[in-house]
Every structure is written in structure tokens, then in C-alpha cells.
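Below is one structure, written out as C-alpha cells, with a few remarks after it.
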Amino acid sequence: MQRCWGRVPASVSDEGRVHSPHPSFRVRAEESSKTTSPSRARRALLAGAVVFGAALPLLAGALNSYSEDAAAAVQSLVAPTTDFSKPEEGEGKPGGGATSRGSTDTANAFSLSSGNMDFKRELDFKIGNAIFRKNWVSAPSSTDASDGLGPLFNSRACQNCHLKDGRGHPPLSADVPDDSGSMLIRLSVPAATAADKEKLTAHRVNSLPDPVYGGQLQDRSIQGFAAEGKLKIDYTEREMKLADGESVSLRAPSYALTDLAYGPISPDIMISPRVAPPMIGLGLLEAVPEEQILANADTDDANQDGISGKPNRVWSREHQNIMLGRFGWKAGIPTIAQQAAEAFNGDIGIASTMLPYPSGDCTEKQPDCRNAPNGNSPQYQNVEVGDDLFKLVAFYSQNLAVPARRKPDDPEILKGKEIFYAIGCASCHKPKFMTGDVPGQPHLSHQLIWPYTDMLLHDMGEGLADNRPEGAATGSEWRTPPLWGIGLTETVSGHTLFLHDGRARNVTEAILWHGGEAEAVRDKFAGLSLADRDALLAFVNSL
């Protein structure tokens, strides 16, 4: 669950100004003037950096090198390196000044606040954490600030999906059902009418729900209601040979819905299992100016490098317009606010002012669910999680800090970094961005960050396809997931299961599942010597 309440990240325009892309938000007059001079743009950028310890020396040096042209300066900072003899300046702090100051060797490594956040905001962060962790109960209840669960749901608390703010997983054993709530099943059906097609074309919806079971399968329920059903997973092992003779077994999942309690599901149902992604660095990703992301898009592969990343364009409930998708496995969510509201509603069955539906994902075909008692309260804007609590959860989600790198100057890790670039991994896993201005949260502003993602969609081939479109994403396209923190997955989450459905049991398997646009890179990885492959994996696990 993720959110940035009522804020749109600012961006650096091609004239070098810092501006907000949404008319409801304005930055300093000196930044919004159409006649802003390069020196004034330089002062505007440095103002945020000075106070909160951003990459000030790097930014100042770049501005001087490019005659105070802010756009060119930023471009120089985010350009890929060609020197692998030593770490790049700032590389050890992938979240810039917001990088966590805490230990990276404990299970709480993903649960710490932005390292440069004002002390006064720590209380907001801690209260947000408490709300993120609390279990909701069914209505009516004497604890009216915590009731409204379900009636159908996947989890009773945000923390149960994002345990320790880390990565979710599928059931760990075929014989033991998953009780973590960290994997859910998206449901949708093809457009059957002209009206449905128009909704999809106009980006008003990303997908069309099943008329009975809605947009996701709720495998839990409150007393008196039947859960919608269960997911059954079967794995088939596939052997893949590497160039050095090593054999790697990949497990291919097949999925089936069982114990459906509300009648038949659509015969043309499309399903997509999804594990909960890590929560770190979300506010920084939201703060990346749109033009930096779009600069990497190449929908038609005009440069003929085989990589054709494209943006997802989705409807913003918050701003009531079409925006760039940034979050979710298929970039189907434009803001952290909307991600939070949709998770509250779909996963827990909790209404917010953005999604004021106390019955959650219950459909018209489930009237008892829709008519069940709810937790809407007058003191909470007649919804179940009022704006005050919602903002605190949002602030918490936005400020979960990225941990510091481990040994970025280690010779093997530097060698692995060079191989990562050489075989093409950095074509999609873009190393760097510079965040824009975040009104009200200057500690996230003007940070040089290292997320290793382009936040764009890529065709990953039939092997990873869920065959379920989402917005502009086809059934085989996925958003490039950030790699920061990936090496701490086992420390934080107790496993090393990767990809959207957790099928990969380690980083090697995750890479070998790449196909489509990434097939050539995968084949180069498979062709590496053992020493080079170990070096590349050491680099990835240092992120």
C-alpha cells in the first residue's frame, strides 16, 4: 500500500525550469516564470539540495560544467557510466540523501525512514507505521477507527502483505496454503460491448472485472460469509544448460481457481497471480520527472537495439486525468495515493474518500456482501479510513528508505557492474535518475537515485506472459522492477523468490526466465563463464 497524498512530482523542463505538471500545485515564482534564466534555475535546484543534503556537489559541478543549463546538468548526472574502475560518486547511497542511515544486516532493513527527513516528521512516519501494521476488524465494532474489514478480503493489515515492508511470496509448499496474504490473483474479462471497449480505449479503466468475482479473488472472509475461492499452483521443472556446462532447473507454474463459492466464473476469465513488491524508495520513484522516464521510451524500437520500452497511460482517480503509470507489476497505477486506496479497498475491503466503497470488491452478483454492515463513520468523512489516517499511511509508504549499498568498491562487484552494462542489463534496468521538486517533502527533492529501473513496459516473452492485458500493457509486457535492495531479500523477507509470481528461486533463475526483448541479454548471461556470472550476481546482490 503506497501513497503520496495530493502531490504530483515536479519536473525539470527542457528550458531548465523546475515546474509542477499539475495546475493545482505551484512551486516558487522564480521557478514557474516562463522567463526563468539559467542562473535562477540553478539557484532553484540548489535551494532544495542545500537544505536537505542532496547530491549538492555533483549537481553544482554539473551545472558549472554545462554553463548552468539545468536540463543538461541533470542529463549528465543520469547518463550511464563508462568507467568501471571505481564506484561512481554517490553510488553508495542509492536513495541519495534519503538513503537509510540504519543497519543493512537486520530484518528491519526496509522499515527505516528517509535518512534526511526532518526530525519533526518522524512522528508522522511512526504513526503511519502503526496504522500500516494494525489489523482491521469487521463492523460493527466498538473500535470504530478500526472496523470495516471485508466482508471479503485478502488480508487484515497492510503489513501482512508487505511483511517487514519486503517482498511477498507464493505458497512455500504445495501442501501448505499460503497464509501470508502476500500473493493475490487479479481477475478480468475481455471487452464484450462497445461501451467496455470505449472505457479501455479512453484509459478510464485498465481492465474489466469478472461480473461475479470482481477484479481480484478474495480468499478470506468475515464470519457469516464464504471466501470466494482458492488458488491451486502446480510446478513443472524445466532444465536449462549454461555455457559452462552447469544445469539450472526452472519451475514453470500452472494456475487453477478452486472452491469457487459464488457460482461459475466467466469462461474467458483472465487471471494474473501477483506477489507483493518491496515498499522501499516509492516516494523517490514518484518524484522522478516524467520527461526523464519518457526519454527512455522507444515504443517502435527506432534505434533497433531490440529494446522497445513503452509507457503505460492510466486514469488517475486522484487528479481525474490520464497520467503516466509508475507502480504495480504492469505500471497500472499512477500515484502512491491511488495504490494505497486500491489496496485498502481491494485487499482489505476498506473504504477511503478516493474509493468510498465499504464492501470492497464485492459485485452486484454478491448482494449480501454489498449489504453487510460497514465501518463508515461520520467522524472519518463517512468512510472507513479517514483522510487523516490515510495521509499518515501514505507518508509512511512514501518514506520507507532505500538501504545503503554493500561494498560497492569491491573489485568483483565492480567487475560484475561492467558485465551488467556490457551484456545489456542496463538497457531496461536504468541505473540513475534525478528526482524533481516534491512540495511539502523537500527531503525527497533533487536527489540522485539509483533504482535500476526505467519504469517502462517491456515484452518479456511467452514464458513470463500472464496473457492478461492491463491498460496499455499486453499480456506479455511487464514494468521493469527496481533492483535496489534486491540483495537483502533473504535478510528481510526470509526467502529469495523473485518475479511477479515468485516462481524464480534465486536471481539466476529470474534472469533465465527473461525472454522477448530480454532474450538476447539472457542468452549472453547464459554464455558467461562461471567467474563472470558470479561477478555479475555479486553486483546485483550488492544493490
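Count residues from 1 along the sequence. Small disclaimer: the values here were computed from a predicted structure and weren't measured.
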Would you say the side chain of Q338 lies within less than 4.5 Å of the side chain of V314, judging by non-hydrogen atoms? no
Contact between D298 and D301 at the side-chain level, heavy atoms closer than 4.5 Å - yes or no? yes
N-O pairing of R503 and D501 below 4.0 Å: yes
Using side chain to side chain contact (heavy atoms under 4.5 Å, CB included), reason through L242 and L530 one step at a time and then give a plain yes or no. CA-CA 9 Å; L242 304 183; L530 176 61; over 6 Å; no
Where does the angle between the aromatic ring planes of W478 and H500 fall among parallel (under 30°), tilted (30 to 60°) and perpendicular (over 60°)? parallel
Ignoring hydrogens and geometry beyond distance, is a side-chain donor-acceptor pair present between R186 and S188 at under 3.5 Å? no
Between R121 and D124, does at least one N-O distance fall below 4.0 Å, as a salt bridge requires? yes
Backbone N or O of G461 within a donor-acceptor pair of the S476 side chain at under 3.5 Å? no
Please check if atom CD in E239 has more than 12 non-hydrogen atoms from other residues, nucleotides or ligands closer than 6.0 Å. yes
Side chains of D83 and S85 only: does a donor on one sit below 3.5 Å from an acceptor on the other? yes
For a 4.5 angstrom cut-off between non-hydrogen side-chain atoms, does P482 reach Y452? no
Do H446 side-chain atoms and M434 backbone N/O form a donor-acceptor pair below 3.5 Å? no
Side-chain donor/acceptor of D244 to backbone N/O of S529, under 3.5 Å: no
Ion pair check, R326 and E286, cut-off under 4.0 Å: no
Just how far is it from atom CZ of R251 to atom OG1 of T236, taken to the nearest 0.5 Å? 11.5 Å
Indicate whether the side chain of D165 and that of Y396 have a donor and an acceptor atom separated by less than 3.5 Å. yes
For a quick test of reading the model, state the closest non-hydrogen atom pair linking P253 to Y235 and the distance between them. CB-CE2, 3.6 Å
Any side-chain heavy atom of E88 sitting closer than 4.5 Å to one from W450? yes
E470 side chain near W329 side chain, heavy-atom distance below 4.5 Å: no
Is it true that a side-chain atom of S316 and a backbone atom of H319 form a donor plus acceptor pair closer than 3.5 Å? yes
Please step through side chain to side chain contact (heavy atoms under 4.5 Å, CB included) for the pair S445 and D437, ending with a clear verdict. CA-CA 5 Å; S445 303; D437 183 76; 4.0 Å; yes
Steps toward side chain to side chain contact (heavy atoms under 4.5 Å, CB included) verdict (V248, E509): CA-CA 7 Å; V248 177; E509 288 185 25; 4.0 Å; yes
Would the distance check show the side chain of K330 and the main-chain N or O of P469 forming a donor-acceptor pair, the cut-off being under 3.5 Å? no
Between the side chains of R167 and S493, does any donor sit under 3.5 Å from an acceptor? no
Is there a donor in the side chain of S113 and an acceptor in the side chain of N399, or the other way round, less than 3.5 Å apart? no
Any Lys/Arg nitrogen of D300 or K310 sitting under 4.0 Å from an Asp/Glu carboxylate oxygen of the other? no
With salt bridge (Lys or Arg N to Asp or Glu O under 4.0 Å) as the criterion, how do E290 and R313 come out once you've worked through the C-alpha distance, each side chain's angles and the decisive distance to 0.1 Å? CA-CA 12 Å; E290 183 174 308; R313 292 290 184 179; 3.3 Å; yes
Between R406 and T104, do the side chains contain an N or O donor and an N or O acceptor separated by less than 3.5 Å? no
Is the ring pair H429/H514 parallel, tilted or perpendicular, if the boundaries are 30 and 60 degrees? tilted
T99 and R405: CA distance, side-chain angles, deciding distance, side chain to side chain contact (heavy atoms under 4.5 Å, CB included) verdict: CA-CA 9 Å; T99 302; R405 285 278 304 279; over 6 Å; no
Tell me whether K415 contacts the main-chain N or O of D532 through its side chain, where contact means a donor paired with an acceptor under 3.5 Å. no
Would the distance check show the side chain of T435 and the main-chain N or O of Q447 forming a donor-acceptor pair, the cut-off being under 3.5 Å? yes
Any chance the side chains of S155 and D347 put a donor and an acceptor closer than 3.5 Å? no
Within the side chain of T453, is there an N or O that forms a donor-acceptor pair under 3.5 Å with the backbone of M455? yes
Could you tell me whether the side chain of P171 reaches within less than 4.5 Å of the side chain of I233, counting heavy atoms only? yes
Judged by atom type as modelled, is there a donor-acceptor pair below 3.5 Å linking the side chain of E517 to the main-chain atoms of D459? yes
Pair E519 + R522: basic N to acidic O under 4.0 Å: yes
Count the heavy atoms of every other residue, nucleotide or ligand shown that sit under 6.0 Å from NZ of K432, and state whether that count exceeds 12. yes
Student check: side-chain heavy atoms of L112 and R101 closer than 4.5 Å: no
Min side-chain heavy-atom separation Y255-I185 under 4.5 Å: no
